[in-house]
2 protein chains.
Amino acid sequence: MPARQSPKPRISKPRTRRQAPGARPYHHGDLRRVLIDAALQLAAEGAEVSVREAARRAAVSPGAPFRHFPNRDALMAAVAEEAQRRFRAEIEAALAEASSTDPLARFRAFGIAYVRWAMHNPAHFEIISTGRYFAYGSSAELLRDNAELVALTERMLAEAAAQGLLRSPDLKRILIAGRALIYGFARMNLDGHFPRWGVEEGEIERMAEGVIDLFIAGIAKS
Amino acid sequence: MPARQSPKPRISKPRTRRQAPGARPYHHGDLRRVLIDAALQLAAEGAEVSVREAARRAAVSPGAPFRHFPNRDALMAAVAEEAQRRFRAEIEAALAEASSTDPLARFRAFGIAYVRWAMHNPAHFEIISTGRYFAYGSSAELLRDNAELVALTERMLAEAAAQGLLRSPDLKRILIAGRALIYGFARMNLDGHFPRWGVEEGEIERMAEGVIDLFIAGIAKS
DNA sequence: TCCGTCATGTAATCATCGATTACATTTCGA
DNA sequence: TCGAAATGTAATCGATGATTACATGACGGA
């Protein structure tokens with residue numbers, strides 16, 4: 001009996017097929033989803049994410065995940081996609097809650113929400129930030145969610161400029177500086193720098209606000 | 001014949017003993033040093049650093065490195081130590097070259113040298129920054145080199161404050177903001193964010209200068 | 001309704017890696 | 001000089017990512 005399968009196309013799309021919740025569509029259900037969730041949880045627990053452990057938690061054989069992801073990086077890319085989605089949702093929720101219409105106040109709220117999420121979800125933030133998993137597949141959703149956050153800050157600063165709130169006309173420079181400041185602060189925390197810089201645990205969130213305020217004061221007119 | 005070695009103290013200090021260069025002190029020479037160099041080179045090549053590959057390059061058995069490092073993280077900590085030493089040397093050389101005595105100009109030179117080294121030595125910078133290997137052993141030299149760089153920036157800002165150059169009296173806040181800005185910028189480059197932020201490869205170094213200038217303008221008086 | 005195809009999962013297997021243990025060899029100082 | 005300590009080797013373990021051959025169950029067209 002000749003082999004019935006060609007070894008090439010081992011990955012397939014998740015078979016776009018909606019059905020009533022509760023009905024198990026196949027052997028395991030939506031294993032792809034379960035694996036991503038398991039990996040997310042592993043990361044959140046501080047453990048290193050391994051394909052096998054994710055398979056173990058899904059009660060599935062060690063080879064099964066490779067039916068859904070060509071390799072570990074692809075799984076991590078899917079994890080990054082989900083984490084990025086949650087991150088974006090959180091940021092937008094925080095901005096929605098911030099009732100102010102002042103673009104610089106909104107920028108402040110953005111930065112604080114950014115740092116806060118990074119503090120509360122360090123492993124997920126690391127997966128998003130590293131860019132190692134951005135490369136793989138370059139998932140459309142991942143790119144879109146990220147681009148949306150970029151555009152968000154661009155809009156806030158452009159609005160501030162339009163209202164004559166900024167000292168400098170170089171928007172791009174301000175954009176990158178603000179981003180570097182916020183990202184750098186979140187990263188300093190993630191990478192454990194603060195103890196060495198004399199910033200104590202309970203002080204970090206207040207410091208984030210102070211640092212962002214300092215930046216805004218620096219770019220604001222008058 | 002009973003075992004002559006107890007399994008506990010398998011690691012020993014490198015036997016402080018100076019001797020004429022060229023003379024091989026032992027079997028392999030200074031294997032510890034060779035392993036660190038191999039690991040540094042592996043990282044610089046973009047490969048992931050494995051103990052076995054380092055041993056391979058040192059033409060030594062796979063178990064040999066564990067005579068000098070209790071585990072992989074200890075090797076990486078030694079690598080971090082060496083990288084941090086080079087980093088500090090580079091920064092101090094750049095500051096020595098910057099003849100200016102204006103503390104804010106020196107801060108600028110510091111930031112630019114920082115970003116430039118991070119750009120030219122991405123893997124080594126990552127090893128230094130991550131803090132994963134800071135934990136292990138907490139090598140005195142690693143901590144000292146790092147603390148020295150912290151103190152360096154502290155001094156520059158304190159001097160600027162003493163000369164009445166700063167708008168705000170909150171030195172710590174300025175310190176952390178400046179550090180977050182510079183670190184964040186270097187990290188954005190390392191983590192591949194810039195393409196997504198519309199900053200092109202050849203533009204990065206100029207952008208670093210611009211961003212630092214923007215920051216300094218923001219904190220400087222008048 | 002039936003049946004074959006294909007998506008999905010399993011079992012077995014590989015190579016690599018970090019790590020440990022028992023043993024061999026060289027250095028060095030009492 | 002001689003024995004203990006330092007250093008390296010060989011063999012081995014368990015975990016991991018990945019691949020291959022095979023099993024099975026779901027689903028749609030006849």
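The analysis underlying the following values was restricted to heavy atoms, covering all of them including side chains, and did not include hydrogens, waters or symmetry mates. Computed from a predicted model, the values in this text were never measured in an experiment. To find a chain, count down the sequence lines: A is the first, B the second, and so on, and within it residues start at 1.
Between B:His68 and the phosphate of D:dA6, there is no side-chain N or O to OP1/OP2 separation shorter than 4.0 Å. A:Ser50 has a side-chain polar atom (N or O) that falls below the 4.0 Å cut-off from OP1 or OP2 of D:dT16. Between B:Arg56 and C:dC17 there is a side-chain polar atom (N or O) within less than 4.0 angstrom of OP1 or OP2.
Here the C1' atom of nucleotide C:dG9 and the CG atom of A:Leu35 are 12 Å apart, to the nearest Å. Distance A:Glu53 CD to D:dG17 P: 10 Å, rounded to the nearest Å. Rounded to an integer number of Å, the gap from CG of B:Asp73 to P of C:dG18 is 11 Å. If you take CZ of A:Phe69 and P of D:dT19, they are 15 Å apart, rounded to a whole angstrom. Atom CG in B:Asn71 sits about 20 Å away from atom P in D:dG14, given to the nearest Å. Put simply, CD on B:Glu48 is 9 Å from C1' on C:dC17, counting in whole angstrom units. The distance between atom CZ of B:Arg67 and atom P of C:dA24, rounded to the nearest whole Å, is 14 Å. A straight line from CG of A:Leu42 to P of D:dG17 spans 11 Å, rounded to a whole angstrom.
Checking C:dG9, D:dT9, C:dA19 against the side-chain heavy atoms of A:Val60 singles out C:dG9 as nearest. For B:Phe66, the listed nucleotide lying nearest its side chain is C:dG18; candidates were C:dG18, C:dT10, D:dT9.
Taking all atoms of both residues into account, the shortest heavy-atom contact from B:His124 to B:Ala83 is CB-CB, 4.0 Å.
Using the six-membered ring where Trp is involved, B:Phe125 and B:Phe87 have ring planes that are perpendicular, over 60° apart on the 30 and 60° scheme.
In this structure, A:Glu90 does not pair ionically with A:Arg86, as no charged nitrogen and carboxylate oxygen lie closer than 4.0 Å.
Across all strands, B:Arg52 comes closer than 4.0 Å to base atoms (heavy-atom distances).
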Hey, can you pull the donor-acceptor pairs under 3.5 Å for the side chains in residues 110-119 of chain A, sequence neighbours left out?
{"unit_1": "A:Tyr114", "atom_1": "OH", "unit_2": "A:Arg179", "atom_2": "NH2", "d": "3.3"}
{"unit_1": "A:Arg116", "atom_1": "NE", "unit_2": "A:Glu205", "atom_2": "OE2", "d": "2.5"}
{"unit_1": "A:Arg116", "atom_1": "NH2", "unit_2": "A:Glu205", "atom_2": "OE2", "d": "2.9"}

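Here the CD-CG distance, from A:Glu97 to A:Leu95, works out to 10.0 Å after rounding to the nearest 0.5 Å.
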